[in-house]
Structure formats: C-alpha cells, structure tokens
Number of protein chains: 2
Amino acid sequence: MTDDSADESDAGRRAPLTGRELAKALGISQSTISRAFSEGATISPKMRAKVLEAARELGYQPNVIARSLTTRRSGIVGIVTANMTNPFYVSILQPLARRLQQMGLQTLLFSVPSGQQIDSQLPLLLQYNVDAIVVMTGTISAEMARRWADAGRLVLPFSYTIPELDLPSVSCDNEAGGRAVAQHLVQMGHKRPAFVGGHPHSATSVARGRGFAQGLEELGVPLFGRLDTGEYTYEGGYAAALELGRTRPDAIFFADDIMALGGMDALRFGLGLSVPQDISVVGFDNIPLAGWPTYELTTFAQPVEPMIEAAVRLLTRRDGEAVTAEHSALLPGTLVQRKSVRARGR
Amino acid sequence: MTDDSADESDAGRRAPLTGRELAKALGISQSTISRAFSEGATISPKMRAKVLEAARELGYQPNVIARSLTTRRSGIVGIVTANMTNPFYVSILQPLARRLQQMGLQTLLFSVPSGQQIDSQLPLLLQYNVDAIVVMTGTISAEMARRWADAGRLVLPFSYTIPELDLPSVSCDNEAGGRAVAQHLVQMGHKRPAFVGGHPHSATSVARGRGFAQGLEELGVPLFGRLDTGEYTYEGGYAAALELGRTRPDAIFFADDIMALGGMDALRFGLGLSVPQDISVVGFDNIPLAGWPTYELTTFAQPVEPMIEAAVRLLTRRDGEAVTAEHSALLPGTLVQRKSVRARGR
DNA sequence: TTGAAAGCGCTAACAC
DNA sequence: GTGTTAGCGCTTTCAA
C-alpha cells in the first residue's frame, strides 16, 4: 500500500495507544495500567487517579478484544431473532440494546431464517466469546443448551419459553393474558368467541390459547372456533380472519397484535364487516400500531419495561451464580381497552 | 472459586479445543492448523483436508477473538441506529444483518439516543476492532470520521449522506424521487401541493424537498406550503398534517412513509377529510404498512435490495483499496402508485 | 502496593 | 510445504 504521508511522525495512521505505551509515558509498569481499569484490583487510589487522568488525556482505552482473550468474557450479548417484521420484537430490541449498552455490554445481532433451528449457528457465536444469548425466537436443542451452560454462558429465552429445557426465561404471563381476554369478552356479552393462534407448537401461542379456552370454559361460554396461522404475520392474520370470519364468530382473539391488525383489515376490507359493530377483535402485545386511530385495537399489553429489566438483571449477574429455570421471570401484563371490542346485547 | 466437580476429567466445564491441542493430537505444528483455516495460505490440499476433517470431528473452531487480536480485524460490522421505531430501518436491518452473516460477518448493533452525535460512542466500537460501521442515522464529526478512515475502517452512511465529509455512502436518489412525486402530482391535476419534511437539516429531507420543489417549479406549479416536523415519526406526521391540512392543500408529500401514515390518520380522523377524495397523500420509502388496505399509500420506493447489495459490496472489500466518496452508490427508486392519490378536475 | 514474567489462542515472518 | 518463533494487548500469578 502506498502511503503518501511523508513524515515519520505520521499523525494519521497511528494505531490506538496501548497499555504498554501509556505505562512508559508514565514511567510505570503496564500491569499497573491494567489494575487501574479493573474494578477490584489492588491499587492505590492515588495511582489509579493518575493513570485514569493520563488515559483520558492521551486517549487510551483498554482493548476489549485483548482483554476477552484472557478473561474469556467479551462483554457481548448475542441476540438471536428471526421475525423482525413483527413490530413487537423491534420494540424490544431497541430498548434492550440500549439498556445493555448502559451496562457496558454490547449487542451482537444474530438473525436466523424464520422457523429454523438455531443450533447450527451457535458455535459461531461461541467463537466470539459471547457471554450470553437472548433468544427471541426459534428452538435450541437440549444438547446445545447444555454446552452453553457448561461454558458458563447464559441462554435466555425472551418473551417465550422452551418448556423442555431447564432454562431461565423472561416472559409475560401468557396464560393469564389469555384468560383476561376471555373474561373481558364474556363480560361484554360475547357468545361466539374464536381464537387465532400462531405457530401451533410455540409455547407462547399454546399458553395464550389455553388461557383463553380455560377462561371461557370457566364462564360457561364455548370456544366457537380456532385456527393456527403457522406464523405471526399480518398476512397470516388476514388469511385466518377471512376463513374464520365466514363462520360468524362475534369476537376473535388473535395471539398477537400484528395478526390482529391483518385480521381487522380482512374483516373490514375482505368481508365487508365492521369492527367492532359486527365483530370484536382483541390482540396481544400492545405494539404502537395498536393505538393508531384506524385500529384502536383492544389488546393485552406485555410488560415490556419490566421484562427488559428482568432480562438485564439476569444478563449482568456475576459469574459463579448459576442461573436456572427458577430464576425465570413470569411477569403480569394488562388489558388495554380501546375500541375494537363492543358490548353485545344479551 | 470453589469447584464442586470431583473428577479431574471434568466432562462438563471443558473449554473449547485450542489449535495447539488439535495440533498435538495430529502430531503437527499449530501453525499448520492456522494455515488450514486461512484462505490463501501455503498448505497442501491433502494436509488441509486432514486438518479440517479432524477439526470437524473433534469440534475445533478457531477462536476469532484471538485471531482478531493479531489481524486487527474482527469480522464484525457495527450498525449504528437511532430511530428503530421507523419500520424502514427495520426493513433494512434484518436483511442487511443476514446478508452480512452470509458473508461471514457479524453485526454489532449500536443504538444511540435519537438526534445525538455518535462521536462519543465510537471509540467504544473501535475497541471491539469493528471492521466497519454502517451509520443509519446521526452525525459524525469530520475528525472522528478521519480517525476511522486512518485506522483503515470504513464508515458507511446508509440511506443518507453527510455532505461535508468525503465518505462513501449508499442511498436512494432522493432528489430524483422528490421530482418524480412532483411530476406525478402535477400530472394528476394537483394545484396546491405541500411538503412535509423531517429534520430540516438532514440531507435526506432536504434532497427530497428540493427535488419536489424543483419538479413543481419546472412544471409551473407553486409549492403551496411546507413544514418540517423535526423528526421522522408517526406523531410528527400527524401534527404536521393537522396544521398544514387546515390551509387546504390538495396534496401533501411527506418525506417518509411513517409520517405520511400519521398524516393520513390526522387528515381522516383529526380533520374529517377523506383521502384521496379531498386530498392526496404521497410518502417515501415504501414500507410494508404502505400497502395495507387501510392506507394504500402511493409512495416512492427506495431500492432496498440493491442498496443492501451495494453496502455489502463496499463492506466486504479487501483492505488496501481505499473507499472514498467516489464509490458511493446513488440508486434509483420507483414510484409505487396505490390509492392515496386521485386525479383532480382541471 | 507495585513490577516482572508468563500466557490467553491465534497470525505472520522467517527458516528449513 | 511445514515448523519455529515472536508477538497482538491484555490479565494474572508471583516476587519484591
């Protein structure tokens, strides 16, 4: 490569300052520099102040890559996600990344093709000495999960659970949510409530559906119909509503908002029905779109803030404390009533 | 730390295999292992096959952290973003991350508070030996940009430009887009077209507005009104439309879709106007929402796929080839006509 | 409390 | 082609 800077001082190309260089400049040893930057190291306050001062002045920052080579921790959290077309995940991702940053952790985004097992990709993340992974989607094999746990790494399913594995997880109380929706619909006089689920094997969808069905049963109202779209998308909700709507339920509970919005559009534009006059619609998540005036979707809100805080707490635990399924956070959500549900005459 | 595993074989906690261990197992030198995993290294095909075979069998993978310590490249691309509530950025982020993964690059997500200078955060990224950063938002000082360039790192503004700096960028031809919208609206007989911009100093907003104004001028139609929301949000668009709508333009061009959707809702629900009967609305980006039946928004589509490909091409350049502003990709978009624009009688 | 020295797992000259 | 050797910039014993 031809370098057109003549001078040897070479103001530009300068690599970042190393600890050794800073040490030399201060006439001390490199390990003292290291100690100045380590939390509980044995170093006099005076010396530390001096080092930090000089570091700030000369623009020295420890190289985290080199550090993680010895400590075997990188300060990086991997976030595994598939379906980012779903606004709910986005509304998680951004604040989660920001909170982690505040805690001095970085976020490695890992996107897997929807519905795919994430196992094959994980060794790659392990190579990066990723401290933990937050899994927002997909399944992970028991063996791979154990490999991570054994390496002292946390695998944290977020907003869903993998029932077979002894993993801590952070999620909303989906079953209670489904039940709350059932109670609300019955209370509003609905007689023919239907349910639209996502992927039929996803624990999330199952829990919401079960809570809903049980809630109805407890109140003596039969579940009028049920359909699984296979995936949480606008299009999936649209198609499901088109099919289910023809059977004339008086309310449909969708397992998430994005499907509910697709469903509302299908009912309105595909079937010519009016929401909520002809049929009530309820969603789950409470994404920003749900509050827009065109939709005014009644929905069960996931407690996003507390969920993120719970995740951050688990992710910033010090080593040595094993984190097991017992540390899971199952947080309560709240029903947000808007205008997509209407009282039915009795 | 107390270790409660009695046996010394210690089946669980086993650290990943190192290159040296693999070498010993094969009775060869560690550098041969390294060569087997390096693209253009001088190693016999036979030996390489043998090593890779053994590696697969024993589950060895090179430690990328250690590698990046010597090579000073990490295989990580930082993506700096602020406003992820905007679906457009999301629709970029996911495919971009996935394409980079395919190329063997990882994505470090970096979220900065909206509107903030990103300079302060960049040294942190540099610490991670991030090879390049894709900047989707915010501004960066000339000095910081130079520091990165000097360190052989690419700073790539995506979907926007920082005019003052000699940086390559990938973006849509915003000015041409604005002009195309102007032509379309005039052609459809509009006489009082208005413009709603985002941040008044953002190059993107300025270019779209300028193209629009020039397009109108060329066709002899005066710009009826103009407003800047200060940020690209639904709420911003809503408020702007409320204000601008009262002056009775016959069309509003919003500098992006999310503002346009907010605008449509404001016109409909806030002002009781009907779109497109009373007023036409045009957006920019073509996010998925724009195609939903409630909105059917006519919009200028950014060429997302080509933009991502262009970005990936720049990001995967081999070192040594300096990448300057001349390598910028300014890609043409297309007007997507839906139902939010209606012909006006002459 | 500080310094010296070893090593984390790899790449890259340099020999052979 | 392959082995040897010297680092990359840190953390962490071990002495002093």
Side-chain angles (χ1 to χ4, degrees), chain A residues 14-52 54-55 58-76 123 126-129 131 151-152 319, chain B residues 1 14-52 54-55 58-76 123 126-131 151-152 319:
Chain A
R14 195 194 62 240
L17 210 60
T18 77
R20 206 176 308 275
E21 289 167 343
L22 181 62
K24 193 154 65 172
L26 288 175
I28 59 178
S29 80
Q30 183 268 328
S31 37
T32 299
I33 306 291
S34 171
R35 283 191 264 261
F37 282 91
S38 315
E39 218 32 59
T42 83
I43 182 176
S44 69
K46 188 175 291 184
M47 180 62 104
R48 167 171 280 153
K50 180 174 153 193
V51 171
L52 294 181
L58 299 171
Y60 167 78
Q61 284 189 291
N63 180 325
V64 291
I65 295 283
R67 167 182 293 163
S68 75
L69 190 57
T70 44
T71 59
R72 297 173 160 289
R73 329 228 107 246
S74 59
I76 297 180
L126 204 43
Q127 277 191 70
Y128 277 93
N129 274 352
D131 293 344
D319 310 336
Chain B
M1 189 196 299
R14 197 195 61 239
L17 210 59
T18 78
R20 206 176 307 274
E21 290 167 342
L22 182 61
K24 192 154 66 174
L26 287 175
I28 59 179
S29 82
Q30 184 270 327
S31 41
T32 300
I33 307 289
S34 171
R35 281 191 265 262
F37 282 91
S38 317
E39 220 31 61
T42 82
I43 182 176
S44 71
K46 189 174 289 183
M47 180 61 106
R48 166 170 281 153
K50 181 173 149 194
V51 171
L52 294 181
L58 299 171
Y60 167 77
Q61 283 189 294
N63 180 326
V64 292
I65 296 282
R67 167 183 292 162
S68 74
L69 191 56
T70 44
T71 60
R72 298 171 160 292
R73 330 226 108 247
S74 59
I76 296 181
L126 204 44
Q127 274 191 72
Y128 277 92
N129 274 352
V130 164
D131 294 344
D319 309 336

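Remember, predicted model here, so these are calculated numbers, not experimental data. Note on naming: letters A, B, ... go to the chains in the order of the sequence lines (proteins, then strands), and numbering restarts at 1 for each one.
Put simply, R67(B) has a side-chain N or O that comes within less than 4.0 Å of OP1 or OP2 on dT11(C). Between T32(A) and dG3(C) there is a side-chain polar atom (N or O) within less than 4.0 angstrom of OP1 or OP2. Regarding contacts with the backbone of dT11(C), every side-chain N or O of T70(B) stays at 4.0 angstrom or more from both OP1 and OP2. Look at S44(B) and you'll find a side-chain N or O under 4.0 angstrom from OP1 or OP2 of dT2(D). OP1 or OP2 of dT11(C) sits under 4.0 Å from a side-chain N or O of S34(B). Taking only side-chain nitrogens and oxygens, Y128(A) never comes nearer than 4.0 Å to OP1 or OP2 of dG9(C).
One atom, CZ of R20(A), and another, P of dA4(C), lie 11 Å apart when rounded to the nearest Å. One atom, CD of E21(B), and another, C1' of dC10(C), lie 13 Å apart when rounded to the nearest Å. Regarding Q61(A), its CD atom lies at a distance of 14 Å from the C1' atom of dG9(D), rounded to whole Å. In this structure, CZ of R73(A) is placed 15 Å from P of dT11(D), rounded to the nearest angstrom. Separating the CG atom of N63(B) from the C1' atom of dC8(D) is a distance of 13 Å, rounded to the nearest angstrom. Atoms CZ (R35(B)) and P (dT5(D)) sit 14 Å apart, rounded to a whole Å. Rounded to whole angstrom, the span from the CD1 atom of I43(A) across to the C1' atom of dT11(D) amounts to 14 Å. dG3(C) atom P lies 15 Å from atom NZ of K24(A), rounded to whole Å.
For Q30(B), taking side-chain heavy atoms from C-beta onward, the closest of the listed nucleotides dT2(D), dT2(C), dC10(C) is dC10(C). In the set dG1(D), dG9(C), dT2(C), the nucleotide with an atom closest to the side chain of T42(B) is dG1(D).
Rounded to the nearest 0.5 Å, atoms CG (N129(B)) and CZ (R67(B)) are 13.5 Å apart. In this structure, the separation between CG on L17(B) and CD on E21(B) is 5.0 Å, given to the nearest 0.5 Å. Taken from OG in S29(B) to NZ in K24(B), the straight-line distance is 14.0 Å, to the nearest 0.5 Å.
For the pair F37(A) and A66(B), nearest-nucleotide mapping onto DNA chain D gives the more 5' position to A66(B). Between R48(A) and L69(B), the residue anchored closer to the 5' end of DNA chain C is R48(A), taking for each the nucleotide with the nearest heavy atom.
Between the side chain of D131(A) and the backbone N or O of G75(A) there is at least one donor-acceptor pair closer than 3.5 Å. Between the side chain of R48(A) and the backbone N or O of R35(A) there is at least one donor-acceptor pair closer than 3.5 Å. For S74(A) (side chain) and S68(A) (main-chain N/O), no donor-acceptor pair under 3.5 Å exists by modelled atom type.
Residue I28(A) is classed as a sugar-phosphate contact, given heavy-atom separations below 4.0 Å to backbone atoms only. Looking at heavy-atom distances under 4.0 Å, T71(B) makes contact with sugar-phosphate atoms alone, never a base.
A donor-acceptor contact under 3.5 Å is not formed by the side chain of S38(B) with the base of dT11(C). Evaluation of atom-type donor-acceptor distances gives no pair under 3.5 Å for the side chain of R72(B) against the base of dG9(D).
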